[in-house]
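Below, chain A is the first sequence line, B the second, and so on; all start at residue 1.
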Amino acid sequence: MPELPEVETIVRRFRPRLLRKRIAGFEASWPRQISPSVARVRRAVCGRRILELARRGKLIVIHLDDGSALLLHLKMSGRLAWVDRSGVRLPEPHERARLIMQGGERLLFCDARKFGRIRHVRDVEAALDALGPEPLSAGFDAARLLRMLGERRRRIKPLLLDQAFVAGLGNIYTDEALFRAGLHPLRRACDLDPNEVRRLRRAIRSVLRDGIRRCGTSIDWIYPGGRMQDYLRVYGRAGEPCPRCGTPIQRIMAGQRSTHLCPRCQPP
DNA sequence: CGCCATGTTAGAGG
DNA sequence: TCCTCTAACATGGC
């Protein structure tokens, strides 16, 4: 799935089309993806105006004019598509749900694997509070990260993938951040010294900003248009020489996820 | 056919 | 409580 930079790119692209639009209909062909139910979401959103389109972690947040919101999670293979007033379009494969605007424009939710979710929530703040801090926000400072890491014994890689710890990192950007910080993915969080924590924070923020600047990472047909794949230094490069020291990049498993690292630049 | 995949979560067990 | 692992969700590409 899209990680933070891909979701941010999607939100920026769709915001101008959705802002101030009034919703006239909602349909879904795979009801398990819709919460609390297709009928209840339809009742909740029809007639509402879209006030804002935002991102929180990997969630797309569609704020409505009654204070409620639609939360879209693309998971592994979700994708958005847009149908304008003319209705002319190529057939979108794996279309699972659509939000119909007054005037006929449509936001399509497409998802080959059906892991994606659409949720309508009345208490938006409560729903978003389940996530950890935004890594690009001012509140994500070194002192706070040091405190957060200090009370965790987990290995750093699975901890960074935990959305309740920090929101938005996925498998690609976590490996890239740990490489930039020179930290081994299996290090225990509480063992990192203040200097290493500062490096980690800088690495996370710089790799996410670079990802956004490149419009995200495109490594298959699910998410086209990004350029960050050309700037990844370890992810998907097992066996290739480390760009910094030439040592072959290693691929190991960490928390059931494939993990890429330079054994020399990221010593255990 | 077997293995892999940018994600998350429930449940079991240490 | 905390952490780790497995299975599950469901499909497509290699």
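Residue A:His73 contributes atom NE2, which lies 14 Å from atom P of B:dT6 at whole-angstrom precision. For the pair A:Leu232 CG and B:dT6 C1', the interatomic distance rounds to 10 Å; values are reported in whole Å. Atom C1' of nucleotide B:dA10 and atom CD of A:Gln163 are separated by 17 Å, given to the nearest angstrom. A:Arg227 places its CZ atom 22 Å from the P atom of B:dT6, with the value rounded to the nearest Å. Following rounding to the nearest Å, A:Met253 (CE) and B:dC3 (C1') show an atom-to-atom distance of 11 Å. Regarding A:Arg153, its CZ atom lies at a distance of 13 Å from the C1' atom of C:dT1, rounded to whole Å. One atom, CG of A:Asp162, and another, P of B:dA10, lie 13 Å apart when rounded to the nearest Å. A straight line from CZ of A:Arg257 to C1' of B:dC3 spans 15 Å, rounded to a whole angstrom.
One finds no side-chain N or O of A:Arg152 lying less than 4.0 angstrom from the OP1 or OP2 phosphate oxygen of C:dC2. An OP1 or OP2 oxygen of B:dT6 is reached within less than 4.0 angstrom by no side-chain nitrogen or oxygen of A:Ser77. A:Arg155 has no side-chain polar atom (N or O) that falls below the 4.0 Å cut-off from OP1 or OP2 of C:dC5. Of the side-chain N and O atoms in A:Tyr173, none sit less than 4.0 angstrom from OP1 or OP2 of B:dT6. For the OP1/OP2 pair of C:dC9 and a distance below 4.0 Å, the side-chain nitrogens and oxygens of A:Arg117 include no atom meeting the criterion.
A:Ile118 and A:Val83 fall into different hydrophobic clusters, where Ile, Leu, Val, Met, Phe, Trp and Tyr residues are linked whenever their side-chain heavy atoms come under 4.5 Å apart, directly or through other members.
For A:Gln256, whose side chain is taken as the heavy atoms from C-beta onward, the closest listed nucleotide among B:dT8, B:dA5, C:dT6 is C:dT6. In this structure, of C:dT6, B:dT6, B:dG7, it is B:dT6 that holds the atom nearest to the side chain of A:Ile219.
In this structure the side chain of A:His120 reaches within 4.5 angstrom of the side chain of A:Ser68, judged on heavy atoms. Within the 4.5 Å cutoff, side-chain heavy atoms of A:Arg227 are placed close to those of A:Cys215. By the 4.5 Å heavy-atom criterion applied to side chains, A:Ile60 and A:Leu70 are not counted as neighbours.
A:Arg117 contributes a side-chain N or O that, together with a main-chain N or O of A:Phe115, makes up a donor-acceptor pair within less than 3.5 Å. Proximity of a side-chain donor or acceptor of A:Asp141 to a complementary backbone N or O of A:Leu145 within less than 3.5 Å is not detected.
C:dT1 and B:dT8 have their P atoms separated by 24 Å, given to the nearest Å. On the P atoms, B:dT6 is 23 Å away from C:dC3, given to the nearest whole Å.
Within the nucleic acid shown, A:Arg251 comes within 4.0 Å of sugar-phosphate atoms alone, with no base atom in reach, counting heavy atoms only.
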What does the list of N/O pairs under 3.5 Å between the protein and nucleotides 10-14 of chain C look like, with a distance for each?
residue, atom, partner, partner atom, Å
C:dA10, OP1, A:Arg32, NH1, 3.0
C:dA10, O4', A:Arg113, O, 3.1
C:dA10, N1, A:Arg113, NE, 3.4
C:dA10, N1, A:Arg113, NH2, 2.6
C:dA10, N3, A:Arg113, NE, 3.2
C:dT11, OP1, A:Lys114, NZ, 2.4

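Taking the six-membered ring where the residue is Trp, A:Trp221 and A:His94 present tilted rings, their angle falling between 30° and 60°.
Secondary structure note: stems in DNA chain B built from 3 or more consecutive Watson-Crick or G-U wobble pairs under 3.5 Å occupy B:2-5 with C:11-14, B:7-14 with C:2-9.
Shown here are the ring-ring contact (aromatic ring centres under 6.0 Å, His included) partners of A:Tyr235, two or more places apart in sequence or in another chain: A:His260.
Checked options A:Asp191, A:Leu186, A:Thr259; the residue passing with A:Arg155 is A:Leu186 (criterion: side chain to side chain contact (heavy atoms under 4.5 Å, CB included)).
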When you look at A:Arg201 and A:Phe140, which way does the side chain to side chain contact (heavy atoms under 4.5 Å, CB included) test go after all the steps?
-> CA-CA 8 Å; A:Arg201 175 183 170 277; A:Phe140 190 69; 4.1 Å; yes
